[in-house]
Amino acid sequence: MAFIIKKKIGNGEYFYLNENKRIDGKVKTKTLAYLGKTRKEAEEKMKKILKSKIEINPELKNSEIKKMENSDSIKISIEDMAVFCKRKGFVFQSGEIYGGLAGFWDFGPVGVELKNNIKKEWWKYHVYQRGDIVGMDGSIITHPKVWKASGHVDSFSDVFVVCKKCKKASKIDRAELGKVKCDFCGGEFDEKTAKDFNLMFKVQVGENGESYLRPETAQLMFADFKLVQESSRMKLPFGIAQMGKAFRNEIAPRDFIFRNREIEQIEIEYFIKPNSDCIYEIPDEEILVYSAEMQEKGLNPEIMKIKDALKKGVIKKDWHAYWLAVQFRWFKSLGANPKNFRIRQHKKDELAHYSSDCWDLEYNFPFGWKELEGIADRKDYDLSQHEKFSGKDLKIFDEETKEKILPHVVCEPSTGVERLFLVFMFDAYHYDKKRENVILKLNPKLSPVKASIFPIVKKDEFEKVAKNIFKDLSSEWKINYDESGSIGRRYARNDEIGTPYCITVDDESIKNVNVTIRDRNTTNQIRVKISNLKDTMRKLINGEINFENAGKMVK
Ligand code: GAP
């Protein structure tokens with residue numbers, strides 16, 4: 001049984017959700033969650049937590065919880081998402097058996113599949129399906145001068161402050177000192193102990209050497225710019241893409257995997273001839289637009305076509321409009337809910353040291369609108385810095401003008417896999433009242449497991465067919481084989497991890513060499529010949545065919 005308790009810590013009062021359980025004849029109390037600083041906040045949060053607990057423990061269902069089930073598409077809190085991700089094997093706190101280490105996370109069996117699928121889809125769309133972007137994979141530790149040239153040694157810092165009241169550490173910008181209050185308790189920050197805190201992790205290299213774990217993947221693309229351009233004979237405009245680990249010693253990692261110390265970044269540096277126009281048509285996308293001017297004048301964001309925002313001068317550069325639309329389209333193509341997105345321009349005092357203009361693609365997380373992807377105009381800041389610090393010429397020859405030029409990075413779409421992961425999880429998460437379980441409506445391309453194969457009963461003749469199907473499909477996708485529990489339980493287990501198709505081997509399969517495929521979202525079923533199964537699955541996963549047309553509907 002779960003209940004709220006109040007704890008006094010220092011001068012503050014904090015509410016927690018505790019649970020009593022009888023273990024080996026003794027009643028043991030376990031703290032399940034922190035609920036906030038007021039009873040009202042605690043009660044609301046408890047309701048949400050209990051709602052997610054019914055998925056773990058059906059006995060918890062009572063009339064109070066039933067009321068909360070009335071919505072199919074609910075946005076659960078980030079804490080509930082963390083609970084769900086742990087329970088289903090998506091994400092665990094790293095080193096949990098030792099109490100965990102703040103800002104570090106491990107991806108479990110289904111989490112790693114989802115993460116890999118997100119990366120695969122990103123790479124396909126941005127590298128394979130375009131002729132103007134090539135990839136690279138730089139090292140995590142590189143020459144320390146790279147970080148001196150980039151400005152990270154001198155400028156990549158936050159202001160570290162401690163709250164006078166709750167004593168918790170926070171990060172703020174220098175301009176915010178004396179103006180903002182502690183997020184946790186509303187207390188004042190101690191200005192006397194405020195200090196600049198560089199976010200790079202230092203590492204020892206060999207016996208006496210020193211460098212840093214890279215805080216972004218971007219710099220490797222600048223340092224290797226000439227090598228990439230010459231070896232792949234790229235002509236402007238072109239881009240270099242990279243994905244990989246980056247590390248930031250964040251002062252206050254928070255919100256599950258939203259702000260971490262170890263991240264996986266995905267970035268493109270898109271190089272153009274200085275001041276040249278965009279050569280591509282701007283995709284026809286409509287989105288909530290929030291310019292720096294709107295923010296400064298206290299106006300609300302406006303729904304606009306990105307093309308129109310460019311025409312009206314809200315977005316200044318055609319390249320910026322183009323990349324914002326291209327990025328937004330990618331999220332939509334994989335089933336993200338467009339209503340949860342907006343683009344927001346950085347105000348002057350927010351711009352990073354290298355950037356002259358920056359638009360963020362933001363997502364409406366349960367804790368508010370937050371940066372999902374930054375798209376900065378870096379001009380020639382990085383290439384000129386690396387020319388200066390290395391003494392090497394990084395200019396390239398322009399056939400048209402017969403001159404050597406230093407390209408500009410007009411846009412740097414830069415995001416983190418963990419935030420993409422959260423977006424797809426939040427938009428996919430549904431609670432189905434009728435089925436009484438969570439349905440993770442992930443696009444099949446992203447689903448960790450593409451299909452689960454069930455022999456209807458544990459008998460040799462069914463198992464043999466089911467195992468052969470498993471073997472055949474597994475050569476292409478992650479497939480599960482599930483023979484335990486009722487068919488209903490097996491469906492529910494798969495719905496919860498987003499498996500789009502469940503394939504059942506039944507009596508008919510033995511007689512007529514066919515199987516049923518059940519669609520996760522609708523529960524509709526079709527019958528398909530086993531000889532056509534792999535091809536049908538491929539078409540279904542790639543969205544090339546409607547489920548209802550992929551086989552004979554089962555009534
Ligand atoms: N090269 C530019 C750059 O690194 P950034 O705005 O510092 O820019 C880009 O980071 C993206 O990387 C962010 O939009 C976010 O998706 C991801 N990111 C940055 N810091 C992060 C952190 N501590 N935890 C999770 N993701 C982070």
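For ligands, and for the atoms within them, numbers begin at 1 and follow the listed sequence.
- No close placement of the Y363 and F331 rings is indicated, their centers lying 6.0 Å or farther apart.
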Could you list the donor-acceptor pairs under 3.5 angstrom formed between side-chain atoms of residues 188-195 and any protein atom two or more places apart in sequence or on another chain?
from	atom 1	to	atom 2	distance (Å)
D190	OD1	K192	N	3.1
T193	OG1	D190	O	3.4

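- Both the sub-6.0 Å distance and the 45° axial angle are satisfied by R419 relative to the ring of F258.
- Just one residue in the list Y431, F256, Y429 forms a ring pair (Phe, Tyr, Trp, His ring centres under 6.0 Å) with F84, and that residue is Y429.
- A donor-acceptor pair is defined here as one N or O able to donate and one able to accept, closer than 3.5 Å; such a pair exists between the side chain of R214 and the backbone of G138.
- For ligand 1, the protein residues within 4.0 angstrom (heavy atoms only) are E216, A218, R248, E250, F258, R259, N260, I263, Q265, E267, Y354, E371, L372, E373, G374, R378, E412, S414, T415, G416, R419.
- D106 and S94 are linked by a side-chain donor-acceptor pair at a separation below 3.5 angstrom, with hydrogens and angles left out of the test.
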